[in-house]
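First comes the structure, then the notes that go with it.
Atoms considered below: every heavy atom in the structure, side chains included; atoms not considered: hydrogens, waters and symmetry mates.
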Amino acid sequence: QAQLVESGGGSVQAGGSLRLSCAASGDTYVGGCMGWFRQAAGKEREGVATIYSRFGSTYYASSVKGRFTISQNTAKNMVYLQMDSLKPEDTAMYYCAADKVKCGSWFMEGRDLEAWGQGTLVTVSS
């Protein structure tokens with residue numbers, strides 16, 4: 001059973017940056033996809049970004065495209081989310097997820113993914 005552990009959340013002012021990290025252990029997702037979701041208070045969970053481990057191809061939600069960058073270190077089984085130009089509406093709990101089969105828009109639906117982390121909180125103040 002894979003375990004995903006997120007880190008890097010915190011509080012930042014609007015316009016600032018944060019970098020989230022996700023470490024996978026107990027399993028490998030080489031050939032699959034890893035990515036990030038977020039859930040703000042009172043809102044549904046939404047897919048933020050995903051990366052296909054084999055080729056490094058990425059997919060972003062329109063709300064973060066151009067501001068967030070997902071990357072990976074396959075040797076360390078880690079995925080990162082660089083968040084720049086943060087806005088108050090980016091405030092949410094951010095979750096790492098992984099799946100060996102689902103990628104792209106399928107992954108971003110967030111349904112029945114194989115592994116989820118516990119989340120890390122990002123707070124952006126105006």
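- The line from NZ of Lys100 to CG of Leu113 is 13.5 Å long, rounded to the nearest 0.5 Å.
- Here the closest non-hydrogen pair linking Tyr80 and Ser21 is CD2-OG, 3.3 Å.
- With Glu6 contributing its side chain and Gln118 its backbone, the two residues share a donor-acceptor pair below 3.5 Å.
- Expressed to the nearest 0.5 Å, how far CE of Met83 lies from CG of Leu18 amounts to 4.5 Å.
- Under a 3.5 Å cut-off, the side chain of Ser126 and the backbone N or O of Pro88 do not form any donor-acceptor pair.
- Within the model, atoms OG of Ser25 and NZ of Lys76 stand 15.0 Å from one another, a figure rounded to the nearest 0.5 Å.
- Placement of Val122 and Val64 within a single hydrophobic cluster is found when ILVMFWY residues are connected by side-chain heavy-atom separations under 4.5 Å, directly or transitively.
- Leu20 and Met78 are members of different hydrophobic clusters when ILVMFWY side chains are connected at heavy-atom separations under 4.5 Å.
- With hydrogens and angles ignored, the 3.5 Å screen pairs a side-chain donor or acceptor of Tyr60 with a backbone N or O of Ile70.
- A chain of hydrophobic side-chain contacts below 4.5 Å, direct or via other Ile, Leu, Val, Met, Phe, Trp or Tyr residues, connects Trp116 to Leu121.
- Interatomic distance, Asp84 CG to Thr69 OG1, rounded to the nearest 0.5 Å: 6.5 Å.
- A cation-pi arrangement is not found for Arg45 relative to Tyr95, the charged atom failing to lie both closer than 6.0 Å to the ring centre and inside a 45° cone about the ring normal.
- Nearest approach of Lys43 to Gln39, heavy atoms of both residues: O-NE2, 3.0 Å.
- Residues meeting the salt bridge (charged side-chain N to carboxylate O under 4.0 Å, His left out) test with Asp90, sequence neighbours left out: Arg38, Arg67.
- Of all heavy-atom pairs between Gly56 and Gln72, the closest is CA-NE2, 3.8 Å.
- Pairs of residues two or more places apart, or lying in two chains, that qualify as disulfide bond (SG atoms under 2.5 Å apart) and include a residue from residues 59-117 are Cys22-Cys96, Cys33-Cys103.
- Applying the 6.0 Å contact sphere to CD of Gln13 captures no more than 12 heavy atoms from other residues, nucleotides or ligands.
- Nearest approach of Glu114 to Asp99, heavy atoms of both residues: N-OD2, 3.1 Å.
- The distance from atom OG1 of Thr50 to atom CG of Leu81, rounded to the nearest 0.5 Å, is 11.0 Å.
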For this session: In sequence, state the C-alpha distance, the side-chain angles, and the governing distance for Val48 and Met108, and then conclude on side chain to side chain contact (heavy atoms under 4.5 Å, CB included).
Result: CA-CA 7 Å; Val48 174; Met108 294 283 273; 5.7 Å; no
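- How far OG1 of Thr120 is from CH2 of Trp36: 7.5 Å, rounded to the nearest 0.5 Å.
- Side chains of Val79 and Ile51 form a contact here, defined as non-hydrogen atoms less than 4.5 Å apart.
- Across all non-hydrogen atoms, the minimal contact from Gln82 to Ser17 is NE2-CB, 3.9 Å.
- In this structure, the ring of Phe107 has its center less than 6.0 angstrom from the ring center of Phe37.
- Side chains of Ser53 and Met34 form no contact here, defined as non-hydrogen atoms less than 4.5 Å apart.
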